[in-house]
Amino acid sequence: MKDILKEIQIAAAEAVLKVYDQTVDPEEFLVTPTKKEHQGDYTLVTFAIAKTLRQPPPKIAVALGEYMAKARYWISGVEVVQGFLNISLADEYWSSLLNDMKASPDFWKPKQPKEKILVEFSSPNTNKPLHLGHIRNILLGWSTYKILQACGHEVYRVQIVNDRGIAICKSMLAWTKFSGGVTPDQAGVKSDHFVGDWYVRFEKEFQIEYKAWQQTAEANAIFEKRPDSEIDESAFYKSYKNKYFNDLSSLGKEARGLLLKWEANDPDTIALWKKMNGWVYAGFEETYQNLGVSFDKLYYESETYLLGKGIVEDGLNKKVFYQKEDGSVWVDLTDAGLDHKILLRSDGTSVYMTQDVGTAQMRYDEFGTGRMIYVVADEQNYHFQALFAIMAKVGAPYANGLHHLSYGMVDLPEGKMKSREGTVVDADDLMKTVIEEAAIAAEEREEVDQEVIRKIGMSALKYFIIKVDPRKRMTFDPKASVDMQGQTGPYIQNAYVRIQSIIRRAEDGGGSYEGYVVNDDEKTLLNMLGQIAHVIENAAKEYSPALVANYAFGLAKEYHRYYHEVQVLKAESEEAKNYRLALIEVIGDVLKNTMDLLGIEMPERM
RNA sequence: GGUCCCGUAGUUCAAUGGAUAGAAUAGAAGUUUCCUAAACUUUAGAUGCAGGUUCGAUUCCUGCCGGGACUACCA
C-alpha cells in the first residue's frame, strides 16, 4: 500500500531538486492532514525549508505545488495559503486505496525490523489483592505488549512477584494466631482477599498493642526525650511507629521471627508461606483472567533476591564501584546527574537495587532481549534512572535498550487512594461494578447476553483508563468510568456493532464498485484508515497506548457521523452500495484490531 | 539540600514548534415513517503568572506561583 505521507515527502524533495537544484532529505518535510476549513487532503509546511532555499515560504509553496501537481498523477490539485501547500489527491488514488487495503489485510500493521523485547508489568506484592493502580499498570503493560507485537516484534510478558519479606509474614502470623486454621474455601472468600484480610487483621492487632503501649511509663519516657519538643503526642507516635515495630513490639518481634525462620528455611514456615502464597496466586489468576491478560513467565523475588552480587563484585574489581571502610559497596552516579547509591550493605547483604541488577542480567541471558521495558509507577523514576546508569557502567550490552515505562498514579475525585483510610479501589470489586452498570443499561435495551454485557462493562472501564497519556497522573471517577456515552469504550463498540449489523443484512456483497467516485466523508474515513500504521508505530515509539485509544475514538466518531450521512444498503447505486460495504468492513476490522491492541473485546451486537 | 514530573473550557482528557487550541461530559436547543438514538446536529465555554528564543510557542529555555513524586545502608 502506498504510504502517502512518504510519497508526498519524496515528491517534494524531488521538486526542490528540479526547481531549486538542491538536494534535501525527504524526511525534513512536515506533512500533516489538512485542516477541515481548508481545501485539500494533505498539507506540506514550507516554513522550515525556507531558510535553506532563501526564498519566502509562499513562493516556495507555489513553485513546489506547481511541479508536484504535474509530476504526480495522484495529485489532482494544489492550493497555497501563506506557507502552506494544500494538496488534493485524485480520485484514482482514493479508489486504489480501498483496493489496497482489501488486498493486504495486514495493512494496519507497521513494518519494523524485528526485535526481541521483554515487557515487565503488574508485579504485585502477595499480601494484598490487586487494586485500581495495578489495573492501570496491567492495561499499559498488556497494551504495550500487543502494540509491539503488531509492529512485528517478538515480545515476552513477565512479572516479578514480591512473594517474600515482612509483609507476607504479617499475614502468616495473623492467620496462625487468629484464624483457627480456616481456609478461603471454608470462609467463602476469594483467596487473595482472604490473605489480604489477615494482613489487615495484623495491622489492627498491632495498632491495639501500640495504643496500649503508649499509655505505659516506658512510652512516656521516650516521648519526653523526643528530639523536637515542638512535636505533639499523636504526631510523635505516628513517626515512632516503625521504630516501635522493630525494637519493642511483641507482634513485631513475632513477625520478624517468622521472617528469620523463613530465611533459615524452616520447613514449617516455608510450608505455611507456600500455602498462603498459593492462595494469593489462585486469586490473582482469576483477576488476570477477568482482565483478559496472561504472562509468559513469572519471576519470584524469593528466587531472585540474592542475584546481582556477582555483578557487583565484578564491578568492584573493575573499579566501577567502590567500597567504604565499613565494607559497604557503593556506586558513584554523579556523572549521570544522580547521587551515590548503595549496592551491598556493610554486612554484605543485597538491597533492592542489587536484585534488579541481577534480574536484568538473568533475563537477558534467558530471553536474549535487547530491549526490556519496565512498567512501573513514576514514584520509582529515580530508582530506574539509577538502575540504567549502573547497567551502563558495568557495560551490559543491553543497557541502551532498558526503558522505564513510567506512569502516573491514579487518584480518586476525593484525592489519593490510601490503604489506611480504606479508600483503595479493589480490582475485583471494580470489574464487578462496571459489569453490573452495563447490565442495568442493557436492561432497557433488552440485551440479556451476559457475555455481551461483560464486554461492554469491561470496555467502559478499560477505555476510561487507557485513553489517558500514561505519563500523566489521572483522576479515576467511578461514576464517569461506567459511562457508555461519548468518548468511551461502548461508543466505539457501538460503531463496530452498527457495521456488523449492516454487513449481516447485506445478503450479497463483494460486488464490483468500479467507477464509484468517493465523497468527502469517505475520503476522511479513508484518510484515517491510511494513517493507522503510523499511529501504531508512534504509539510504540512513545510507549503510549493512549494514542491508539484516541485514534479508535476518532475513527468511531467519524463513522457514526458517516452512518447518519449516507445509506449503505439503500445506496443510490449498486456501485455505491458495494463500495460502502467494502469500506465499512475495513473500518470495522480496524476498530476491532485497534481495540484489541488495548485489550478490549468487541461484541457483535449490543 | 539534590533530582524529576505535572498545571489547557465548570469537570475529565487531546493537540510530532505550524493555520481560527480539538473532544467528551455537565448546561441550552433540536433530530427517529431511515441499515442499532450507547447515535447525530446546533450552541456557549480554556493554555497558572512574567520574560526569552523563533517567521510562528500549549509545546523549547529562564524565573516565579501552585500540585505531586523520589532521594538520606527501605522496597
Side-chain angles (χ1 to χ4, degrees), chain A residues 30 32 34-38 43 45 47-48 50-51 56-57 81-84 86 125 162 165-167 242 301 305 324 326-330 334 337-347 349 351-353 355-356 377-383 385-386 406 408-409 411 413 416 438 441-442 444-445 447 456 460 464 467-469 471-477 480-481 483-495 497-506 534 538 541-542 546-547 549-550 553-554 556-557 559-571 580 584 605-606:
Chain A
L30 178 69
T32 59
T34 302
K35 299 264 177 207
K36 274 210 174 83
E37 53 275 17
H38 289 95
T43 297
V45 184
F47 290 95
K51 246 184 204 140
V81 183
Q82 298 163 40
F84 300 94
N86 297 326
N125 296 342
N162 183 5
I166 193 71
N242 266 338
E301 286 201 352
Y305 79 111
K324 287 191 178 173
D326 62 5
S328 57
V329 178
W330 294 72
T334 47
L338 303 170
D339 219 327
H340 293 248
K341 196 87 197 165
I342 190 159
L343 289 169
L344 286 179
R345 294 194 186 94
S346 47
D347 62 3
T349 54
V351 293
Y352 183 51
M353 186 64 80
Q355 170 186 319
D356 269 6
D378 62 8
E379 59 190 348
Q380 293 196 37
N381 283 355
Y382 192 90
H383 172 77
Q385 277 181 42
S406 161
M409 300 290 222
D411 291 326
K416 294 177 68 166
E444 296 164 22
R445 309 166 67 88
E447 175 61 64
I456 295 170
F464 186 81
K467 73 172 185 197
V468 182
D469 182 342
R471 287 184 295 265
K472 290 193 176 165
R473 211 180 166 96
M474 68 171 286
T475 304
F476 183 87
D477 181 349
S481 73
D483 268 355
M484 299 178 195
Q485 270 136 40
Q487 189 177 3
T488 66
Y491 173 98
I492 301 168
Q493 289 178 323
N494 185 236
V497 162
R498 282 179 147 179
I499 290 171
Q500 300 320 305
S501 173
I502 294 173
I503 290 173
R504 271 196 303 272
R505 280 161 196 269
H534 285 294
N538 209 244
K541 201 176 83 194
E542 302 289 329
L547 297 174
N550 285 322
F553 171 70
K557 184 174 163 56
Y559 174 73
H560 275 307
R561 216 170 68 79
Y562 180 65
Y563 178 88
H564 283 269
E565 283 306 314
V566 307
Q567 298 265 297
V568 175
L569 297 178
K570 291 177 190 160
R580 288 170 189 167
I584 67 171
R605 54 182 181 78
M606 64 194 283

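Just so it is clear, the values below take in all heavy atoms, side chains as well, and ignore hydrogens, waters and symmetry mates. Throughout, a chain's letter reflects where its sequence line sits, starting with A, and its residues are numbered from 1.
Not counting sequence neighbours, Q385(A) has no partner by the side-chain hydrogen bond (donor to acceptor under 3.5 Å, both in side chains) test. With sequence neighbours excluded, the residues forming a side-chain hydrogen bond (donor to acceptor under 3.5 Å, both in side chains) with H534(A) are D3(A), listed by chain and number. Take N86(A) and apply the side-chain hydrogen bond (donor to acceptor under 3.5 Å, both in side chains) test, not counting sequence neighbours, and it matches T43(A). F84(A) pairs by the ring-ring contact (aromatic ring centres under 6.0 Å, His included) definition with F47(A), not counting sequence neighbours. D477(A) is linked by a salt bridge (charged side-chain N to carboxylate O under 4.0 Å, His left out) to nothing, counting only residues two or more places apart in sequence or in another chain. In this view, R498(A) satisfies the salt bridge (charged side-chain N to carboxylate O under 4.0 Å, His left out) rule with no residue, not counting sequence neighbours. Scored by the side-chain hydrogen bond (donor to acceptor under 3.5 Å, both in side chains) test, N550(A) finds Q487(A) as partners (sequence neighbours excluded). For the salt bridge (charged side-chain N to carboxylate O under 4.0 Å, His left out) test, no residue two or more places apart in sequence or in another chain qualifies with D356(A).
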Inset, instruction - Represent RNA chain B in dot-bracket notation, 5' to 3'. Only Watson-Crick or G-U wobble pairs with both distances under 3.5 Å count; pseudoknot-style crossings use [ ] and interstrand partners use |. - result: (((((((..((((....[...)))).(((((.......)))))....(((((..]....))))))))))))....
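For the pair R473(A) and D411(A), the salt-bridge criterion is met [side-chain N within less than 4.0 Å of a carboxylate O]. Between K324(A) and D326(A) there is no salt bridge, since no side-chain N of the basic residue sits under 4.0 Å from a carboxylate O of the acidic one.
When distances run from any side-chain atom of K416(A) to the nucleotides C73(B), A72(B), G68(B), the shortest one goes to G68(B). Listed nucleotides A15(B), C73(B), C70(B) differ in distance to Y382(A); the shortest reach to its side chain belongs to C70(B). In this structure, of A37(B), U54(B), U41(B), it is A37(B) that holds the atom nearest to the side chain of R498(A). Of all nucleotides listed (C73(B), A39(B), G2(B)), C73(B) comes nearest to the side chain of D326(A). Comparing atom distances between the Q385(A) side chain and each of A75(B), A14(B), U3(B) picks out U3(B) as nearest. Among the nucleotides C40(B), C35(B), C13(B), the one closest to the side chain of M474(A) is C13(B).
Atom-to-atom, CE of M409(A) to P of G67(B) comes out at 18 Å; the value is rounded to the nearest Å. With rounding to whole Å, Q380(A) atom CD is found 11 Å from A75(B) atom P.
Base contact: V568(A) has a heavy atom under 4.0 Å from a base atom. Nucleic acid contact class of V468(A) (heavy atoms, under 4.0 Å, all strands): sugar-phosphate only. Using a 4.0 Å heavy-atom cutoff across all strands shown, I499(A) reaches no nucleic acid atom at all. Base contact: V566(A) has a heavy atom under 4.0 Å from a base atom. Residue contacts for T475(A): at a heavy-atom cut-off of 4.0 Å it reaches the sugar-phosphate backbone alone, with no base atom in range. Contact annotation for E379(A): backbone-only contact, meaning every heavy-atom pair under 4.0 Å involves sugar-phosphate atoms and none involves a base. Residue contacts for R605(A): at a heavy-atom cut-off of 4.0 Å it reaches a base atom on one of the strands shown. R345(A) comes within contact range of at least one nucleobase, with a heavy-atom separation under 4.0 Å. Within 4.0 Å of D469(A), counting heavy atoms only, lie sugar-phosphate atoms of the nucleic acid but no base atom. Here K324(A) lies out of heavy-atom contact (under 4.0 Å) with every strand. Heavy atoms of E301(A) sit under 4.0 angstrom from primed sugar atoms or phosphate atoms, though from no base atom.
When the C1' atom is compared between G45(B) and C6(B), the two are found 24 Å apart, to the nearest whole Å. A26(B) sits 15 Å from A46(B) when the C1' atoms are compared, rounded to a whole Å. For the C1' atoms, the distance linking U47(B) with A9(B) amounts to 10 Å, nearest Å. Annotation: C61(B) and G7(B) have their P atoms spaced 13 Å apart (nearest Å).
A 4.5 Å side-chain heavy-atom check between L344(A) and T349(A) finds every atom pair outside the cut-off.
Between Y352(A) and the phosphate of C73(B), there is no side-chain N or O to OP1/OP2 separation shorter than 4.0 Å.
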For nucleotides 18-20 of chain B, give me every protein contact, N/O to N/O, under 3.5 Å, one pair per line with atom names.
unit_1 : atom_1 : unit_2 : atom_2 : d
A19(B) : OP2    : K35(A) : NZ     : 3.3
A19(B) : N6     : T43(A) : OG1    : 2.6
A19(B) : N6     : N86(A) : OD1    : 3.0
A19(B) : N1     : N86(A) : OD1    : 3.3
A19(B) : N1     : N86(A) : ND2    : 3.4

What does the list of N/O pairs under 3.5 Å between the protein and nucleotides 5-9 of chain B look like, with a distance for each?
unit_1 : atom_1 : unit_2  : atom_2 : d
G7(B)  : OP1    : K472(A) : NZ     : 3.0

So which protein nitrogen or oxygen atoms get under 3.5 Å of nucleotides 23-29 of chain B's nitrogens or oxygens?
unit_1 : atom_1 : unit_2  : atom_2 : d
A24(B) : OP1    : K557(A) : NZ     : 3.1
A24(B) : O2'    : Q487(A) : N      : 3.3

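Judged by closest nucleotide on RNA chain B, F476(A) is the one of Q567(A) and F476(A) placed further toward the 5' end.
Under a cutoff of 6.0 Å and an axis angle of 45°, K341(A) and W330(A) do not form a cation-pi pair.
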